[in-house]
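In what follows, a structure is listed as structure tokens, so that the remarks can point back to it.
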Protein chains: 2
Amino acid sequence: MRFATVRHDGTTRAARVEDDHYVVLDHADVGELLRSGDGGHVHGPAVDRATADLAPLITHPGKIVCVGVNYRDHIEEMGRDVPPAPTYFAKFRQALIGAHDDIALPDPATSTSIDWEAELAVIIGTELRHASSADALAAIAGYTVLNDVSVRDYQRRTTQFLAGKTFESMTPLGPELVTRDELGDGSGLAIRCEIDGVVKQESNTSELVFNAVDIVADLSTIITLEPGDVIATGTPGGVGAARTPPEWMMDGTVVRTMIDGIGECQNVCRNQVRG
Amino acid sequence: MRFATVRHDGTTRAARVEDDHYVVLDHADVGELLRSGDGGHVHGPAVDRATADLAPLITHPGKIVCVGVNYRDHIEEMGRDVPPAPTYFAKFRQALIGAHDDIALPDPATSTSIDWEAELAVIIGTELRHASSADALAAIAGYTVLNDVSVRDYQRRTTQFLAGKTFESMTPLGPELVTRDELGDGSGLAIRCEIDGVVKQESNTSELVFNAVDIVADLSTIITLEPGDVIATGTPGGVGAARTPPEWMMDGTVVRTMIDGIGECQNVCRNQVRG
């Protein structure tokens, strides 16, 4: 099954995919749908799938955990070592945007080193703590696409990545949740990022150092995972910062972030006009 | 004024301090009180202040931002350099406990390197983005005490601190919010951590490299701050990891985290029995 979060009648609503349309549900987003424990099988208004206005798939996640340095080719291009455990950092909710929303560039005086990072995102479906691998897999509701758009100079101004990773309205999340019964542990999926029509990242989720199950089980040793939690699993090689010369996104840049079997986010970078 | 969040009739409630008692309010916690924009002046049931059961001061913060390496003596003892900007990492909500709750030690097979970090915490009172220093100060609701209890081997297993900083039920937050009109920019406050009655950390918030206003203004460049957001400003020298030999907390260790003009958290470390 597939679910999305659509903007509908001035608010957001979870929606179930039925062929070419969405069936709008009562829940405010896919996170609330997952927390409710109901299957989203009821009837509701229909919205055309091709033209729907998509909100971030999870509008108010309890947590957003990102994994860094988790594809071997990306580790090599960034000059890092393969870490002994998953490298975690966070984002906050206000970073998220929908699958077709504009990416809000920071003021150029703040930063112009804006980079792309195509990622497979795991969405948690049931509460989990101290989990085995089997329990970890069972707690995964499904998968979606995330672009961990990064403000590289802020990421690198101290030892900790958070500042460069949680800029407001820069992280596309969507378009849809594809449930685990269709994608298993999320391995074997082609992942790609195109910038203005040119392929910049092209890999496969089987190249992850720590896969979705490894990450979920390890995180559950640290803290309780809850329905609607978002875990971004890391990005493959081909980011702009690792190119010679480095390549950055700017006003008008079109970013397509694609995972086979899930779908894509397509977002345009836009300078902001501050009132 | 002072506010707390108390456990009351099987739920949590914000409460106003009146001398030796709390006046219980309708809001679920101090975060909800701040988001409501009401002053918390109404009447309500009275609870004895000395024996009240304190919940985390903010039970569901939209974000918890921590600042690392922000006191000169701690930077020196950890062998780090003074960073050019605040070093940010996150915690998640489930890390928080009340001012007198037990600290839930991880399974000893997971880690035994449990350390203390007394910190001044800033609580945001109004929404804020792209703020000047004056606006940043005005957006601070007040201050409280936080102990950024750290699982050092998890903090150090990769480059990113998050894993060692967000373990479940290890971060005391409280006892009370002291509003900004009493404490200004939060400087000039003596801060101390005692372990089993022995002073381990003793400094003053005037020793912060980046003070509360610097941090709030800088963060607002990155993302919108909201009422109830928690910002932990960093810890002074004297942590267990920097001692020879290193000192760790264990089952039964009593931690007192004190800031003059605010109050203290007193917490006991306890091994967990997993069912």
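Letters A, B, ... mirror the listed sequences (proteins, then strands); counts begin at 1.
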| Quick one: salt bridge (Lys or Arg N to Asp or Glu O under 4.0 Å) partners of A:K91, sequence neighbours excluded? | A:D148
| Residue that, paired with A:F161, satisfies ring-ring contact (aromatic ring centres under 6.0 Å, His included) out of A:Y88, A:F89, A:F167, A:Y154 | A:F89
| message | I'd like to know which of A:P86, A:G68, A:P83 tops the heavy-atom pair count under 4.5 Å against chain B. | response | A:P86
| chain B heavy atoms under 4.5 Å from A:L225: which part of the residue, side chain, backbone, both or neither? | neither
| query | Got a sec, which residues hit ring-ring contact (aromatic ring centres under 6.0 Å, His included) with A:F92, two or more places apart in sequence or on another chain? | reply | none
| task | For chain B, find which of A:D81, A:T159, A:T158 contributes the most heavy-atom pairs closer than 4.5 angstrom. | result | A:T158
| Who among B:T87, B:V65, B:L219 has the most heavy-atom pairs with chain A under 4.5 Å? | B:T87
| message | Using side-chain heavy atoms (C-beta onward) and a distance below 4.5 Å, is B:Q155 in contact with B:Q160? | response | no
| message | Taking side chain as everything from C-beta outward and backbone as N, CA, C, O, which of these in A:R93 sits under 4.5 Å from a heavy atom of chain B? Side chain, backbone, both or neither. | response | side chain
| Under a 4.5 Å heavy-atom cut-off, does chain A meet the side chain of B:D218, its backbone, both or neither? | side chain
| query | Any side-chain heavy atom of A:I103 sitting closer than 4.5 Å to one from A:I97? | reply | yes
| task | Start with the C-alpha gap between B:I114 and B:V151, add the side-chain angles, then the distance that decides, and say whether side-chain contact (heavy atoms from CB on, under 4.5 Å) holds. | result | CA-CA 5 Å; B:I114 313 302; B:V151 179; 3.9 Å; yes
| chain A interface, residue from B:K165, B:R80, B:E226 that has the most non-hydrogen pairs under 4.5 Å | B:E226
